Amino acid sequence: MSDLADLSVGGAAAGLRAGEFTAVELLEAVHRRAAVTEAELHAYLTIDRDGAARAAVAADSALRAADDPGPLLGIPVALKDNMVTRGVETTCSSKILSGYRPPYDGTAVSRLRAGGAVIFGKTNLDEFAMGSSTENSAYGPTRNPWDPERVPGGSSGGSAAAVAAGSAMIAYGSDTGGSIRQPAALCGIVGVKPTYGLVSRYGLIAFASSLDQIGPLTRTVEDAVAALEVVGGHDPADSTSYPGSFPDMRSGLEAGVSGLRIGVVAELNGAGIDPAVQAAVDETVAGLERAGATVVPVSLPSVAYALSAYYLIAPAECSANLARFDGVRYGLRRHGETVEEMMSTTRGEGFGPEVTRRILLGTYALSAGYYDAFYGQAQRVRTLIIQDFADAYEQADVLVSPTSPTTAFPLGARTEDPLSMYLSDVCTIPSNMSGDPAISVPVGVDENGLPVGFQIMAPALGEPVMMRVAAEVERQAGFTARARLATSEVG
Amino acid sequence: MTWETVIGIETHVELTTASKMFCGCPVDFGAPPNTNVCPVCLGLPGALPVVNGRAVEYAMTIGLALNCSIAPHSVFARKNYFYPDMPKNYQISQYDEPLCVAGHLDVDTDGEVARIGITRVHMEEDTGKSTHVGDGGRIQAASHSLLDFNRAGVPLMEIVSEPDLRSPEQARAFVAELRGVILRLGVSDAKLEEGSMRFDANVSLRPSGSTEFGTKVEVKNMNSLRSLQRALEHEVERQQALLDAGEPVVQETRHWNEDAGTTSGMRSKEEAFDYRYFPEPDLVPVEVDDAWRERVAGALPELPAQARARYASAGLDPVAADLVSRDPAAGTIFEEATAAGADAQTVANWLTGEVTALLRRQDLSLEQSGVTGAGLAELAEMVDDGRLSASAAKEVLAGVVAGEGNPESIAAERDLIQVSDVSALEPVVEEVLAANPDAVAKLHEGDGKVIGFLIGQVMRATGGKADPAAVTAILRGKSA
Ligand SMILES: [Zn+2]
C-alpha cells in the first residue's frame, strides 16, 4: 500500500501494532489526503487539528505501553456534525447552531475516545439530517469523490465522501430514513444502520427520535463490524437502548451463505429502479445463489405506504425535537421586541427551507383535529410494516434490494422538487420504520462508472446473519474500484 | 333562579425525590441559580431523558392513597408550547395513558362527608423559573428576564379531581385534606406559599337540579387555602351576577389578584393553546407489575382519615383531630406528648390555638420552632401539678416556640411558677385574714362573694404566684 490513508482499519491496526508506522504518521497521511480532497469535496465542516494530534500522540504512547483498548486505537475517525463533541463546534449544518460548542460528549463519542480513536473532524450533512444529497447544508454542499459534479447522497454525505476519498478511515453517521446507507451506496462504500437501540442516541442531535440510529460508514464489512463494536451496546442514558448483550457479528464473517434463505423483496426491486442498478443487484443475488443460498421471492405489501407514513412521523417528531432551538440559551439569536418575536425571527433565519418545511408539516400533522388522520394513521401503517417484515422473515433469513433506486445524481437535479428527492430513500425507509438493521455494500458500477449499493436487511438484532451475508457479497463483488478523488496527488 | 356551584381542582405537587424526574441532578430548592443543571434538564441538543424510578414510586404512593387504579402500562407524552423557561419547548408529561386513574378522596365539611372523585394522577416535569426584571414582573413589559433552571425537571405530580365539589368551602376542605395526604405520605413538602403545591380551579354554575354543566372558568394564582376559598367565592358571585342578569359566562382563564380580591381575564378559549400531544419517543412506557404495586401499597403510612378516626374515638374534638392527622409534624409531637402522659385535648388545644398563632406571627414552621412532644408533656404536667396557671402556661409556650429552652427552665427564668403548697400559703392567708376582720366576719356569715376579695388579697401578697385553687381551698376550710 503506497498511501497509509487508503488502508483498511484492520490493515492500519496491524501496521500500528507491528511498528510499521505510528498513529501520528497515520494522522499525517489523512491530513495530507484531506488537504487535497477537501478543496473539491467539502466533506468536513470542522477539522480538529489539535484534538486529533493529542489523540494520536496518546495512541502512540498507549501502543508503546502495550495498553491496547482495541482495534480503533490510533485510527482517524470522522463524525457527522450532528454528534455532540465536547468543546468542538457541533452545528448540524444549520445556521441556528453556528458556533455552538457542546459541554459534553455523546455516548458514542466517549466510547470512541475510550477506544483510542483519533477524532479527526466533523462532517457535513443535510441540515439536521433532513435530505438525501447533502445539498441542504447551510455551509454549502459536499461533492461526490467519484464525480464532483454529483452529490454524495445524504444526509451523511460528508461522512460517506470522507471515507470514500480517504480523508477518514471510518466515519459515523446517523440513519433516519437511509441517511447512512444511501450515501454509502452513492460513494461506493459500506454503510450500516444497526438495529434501533443497538447504538446509544445519547448525544445524537435528534431529527426523528423513533427512527434515528447511529452507524458506521467504512470501506469494508469487517471495518464496519469493528466500528460498531466500539460504539454499540447498552447505555443507561438512552431509555430506548437495547439492554441485552451486544450480538457477535464477527465470527460469521467467513461462514459463507450456504443454507441461508435470501428474500428478494418484490416491492423494492424492479419498478422504479434504474436498470443498471437493478442489473447489478440481480447479479449479486445470482452470486449468492451460486454460493449455496436459496433465493425466495417475498412481499412487503405495506411498504407502498412507507414513504408517506415516514413523511408524517419523522416531521412530527422533528417539529418537537427542533423546538428547543429558540435563541434563548445557545446558538443563533436574532433581536426581537418581544420574546415571541425574538424566537420566531431566530428560527425563521436560523433554519433552512427543508427544515422549515418539515417543521411545518409535522406541526400540522400533530394539530388538534388532524392528529388521528395523519400521525395516528401513520403509526398504524408503521405497525403494518412491522408485521409485514415479521411475516417475510418467516420465509427468509435476510431480505435484499437496491439501496438507492439510482446511482449518484448531479448537484441541483432534485433540489427544486422535494418529492423526487424523497424518493431517493424509498428502499431504505422501511427498515427505519421497522427498527430493523440494514447494510449497504458496494457491488458494481453503472455505465458512468458510478457505484451501486446492494442492501441487505435483517430482523431486529439480526446483525450477525446480515454481516455474514454482507461479507459474502463483498467477496463475490470483489469491488476494488476507487473513487477518482481518492488520491493525495495534487492533480 | 337558584344556582348550583360546580368546582373541580387540578393540583400540582413537586416531589421531594433526591433527584429530578429525568436526570440525576439534585432536587434542592435553596441552591444558587443554574447550579443543579445538566445537559438533560437544560434540554441541550442530543441529551435524552431517563425516568426516575423513585418518582414513579412516589406517584404510585399518591395514587394508591387516593384509591386510584394503577395502570400496569402508562405512557409519557410531549406537551408542546414555547416558553423561555421551558428548556425543550415541550414538557414531558402524561396525557391519555396516565399512571393513576379513577380514585376518590372523602372530604368532611362540618360533619358532612362527600366522596370527591379523582380523575387521574400523572407525572410530569417542572419548568425553570423566570424572573422578569423591571415593570411589574410581567414578561411583556420587562426590560430583561433571568432564567433559573434548577427547578427544570423537578418531578411534578398533577392530581385532577372530578367536578364533584359543590362550594368554595368544600373545595378548600378538599385541598386541605389532599395536602394532609401528601404530607403524611412524605412525598412532598407541599408548601403552598413557596409553590411546591399549587392548584387551579374550574368553576361553573348551573341551575339547581340540572345535570348538565355550565360554562366553566379556570381560576389560577391562589397560593393559600384562604385565597383559594376567597377566589372561588368571588368567582361564584361574579358568575351568578352574570347569569342573573341573563348574560353568558365566557369560557376563559382568570387570574386571582390577592390584594384586589378580584379575578381578571387572562386568555379566552379562542386563543387557547393546541399542545399537539404525542407519545414521547425518547422514553419507553412505564410498566408496573403486581408485585411492585403491592409492595408500594403495603408500605403506605396511616392516612389522615385513619388517624382522624383514631383520634376521634379517643375523644379529640374535630378541629384538633384535623390538625394532628393532616400535619405530620403536629401529629408526631402530639403522639409523643400524649405517650408521655399529657392530656390529649390539652395538647391538641395548644397545637391548634396558641402554637399555630405563634408560628404564624413569627413566620416559622413547626419543625423550625422549639416545640417538641416531650416539651409539651412537661408543660402539661406543670399545669396539672398546679405549678403553672393556664395563662402562665401560654407564656411558657411562647418561650418554647421561640426555642428558649424547656418549660421548666423558661418558667423559672420568667418567675412564673405558682405556689400551691398549703404549708407555704397558710401563713399568708392568716396574715390577710388578720388584716381584714370585716371580711372575715362576712365570710363567717356565709357571704360567698367576699371569698373572691380575700383571694385577690392573697394573690397581691404573693405577687400573683399563689395558686388560686389552693388559696380557695384554704379559705373554704377557714369559713366552715
Ligand atoms: Zn439535570
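Given the structure is predicted, the values throughout are model-derived calculations rather than measurements. Letters go in sequence order (proteins before strands), and every chain restarts at 1.
Checked against a 6.0 Å centroid threshold, the rings of A/Y375 and B/F278 count as neighbours.
Residue A/M343 comes nearest to B/Y83 through the heavy atom pair CE-C, 4.1 Å, listed as atom of the first residue, atom of the second, then distance. Between A/Y371 and B/P279, the closest heavy-atom pair is OH-CD, 3.4 Å. A/D238 and B/V50 make their closest contact through N-CG2, 4.4 Å (heavy atoms, listed as atom of the first residue, atom of the second, distance). Of all non-hydrogen atoms in A/Y330 and B/G43, the two that sit nearest each other are OH-O, 3.5 Å. Summarising the geometry of B/R78 relative to A/S209, their closest heavy-atom pair is NH2-OG, 3.6 Å, with the distance given to 0.1 Å. In this structure, A/T240 and B/P281 approach most closely via the heavy-atom pair CG2-O, 3.6 Å.
Residue-level contacts of residues 311-318 of chain A with chain B, in order of numbering, are A/A316, A/E317; threshold 4.5 Å between heavy atoms. Residues from residues 284-295 of chain B that place a non-hydrogen atom less than 4.5 Å from a non-hydrogen atom of chain A comprise B/V284, given in numerical order.
The contact between B/Y277 and chain A is made entirely by backbone atoms, counting heavy-atom distances below 4.5 Å. Looking at A/S319, neither its backbone nor its side chain comes within 4.5 Å of chain B, counting heavy atoms on both sides. Interface residue A/N321: backbone and side-chain heavy atoms are both found under 4.5 Å from chain B. For chain B, no part of A/P102 is nearby; none of its heavy atoms comes within less than 4.5 Å. For chain B, no part of A/Y370 is nearby; none of its heavy atoms comes within less than 4.5 Å. Contacts between B/N80 and chain A at a heavy-atom distance below 4.5 Å involve the side chain alone, from C-beta outward.
Comparing A/S210, A/P103, A/G203 by heavy-atom pairs within less than 4.5 Å of chain B, the highest count is held by A/G203. Put simply, of A/Q379, A/M83, A/R329, the one with the most heavy-atom pairs under 4.5 Å next to chain B is A/R329. The greatest number of non-hydrogen atom pairs below 4.5 Å with chain B, out of A/A368, A/A320, A/G327, is found for A/A320. Each of A/D326, A/T363, A/V84 has some count of heavy-atom pairs under 4.5 Å with chain B, and the biggest count is that of A/T363. Ranked by heavy-atom pairs under 4.5 Å with chain B, the first of A/S200, A/C92, A/A237, A/A206 is A/A237.
Under a 3.5 Å cut-off, the side chain of A/R324 and the backbone N or O of B/L44 do form a donor-acceptor pair. Remark: side-chain polar atoms of A/S239 are not paired, donor with acceptor, to backbone N or O of B/V51 under 3.5 angstrom. Side chain of B/D274 to backbone of A/S367: no donor-acceptor contact under 3.5 angstrom is found.
Proximity of A/F325 to B/P45: side-chain heavy atoms (C-beta onward) are separated by under 4.5 Å at one or more points.
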Practice task
Apply side chain to side chain contact (heavy atoms under 4.5 Å, CB included) to the pair B/D282 and A/Y202, showing each step before the final yes or no.
Solution key: CA-CA 10 Å; B/D282 286 333; A/Y202 190 79; over 6 Å; no
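Surrounding NZ of B/K216 are at most 12 heavy atoms belonging to other residues, nucleotides or ligands under 6.0 Å away. By the 6.0 Å contact criterion, OH on A/Y139 is enclosed, its count of non-hydrogen atoms from other residues, nucleotides or ligands being greater than 12.
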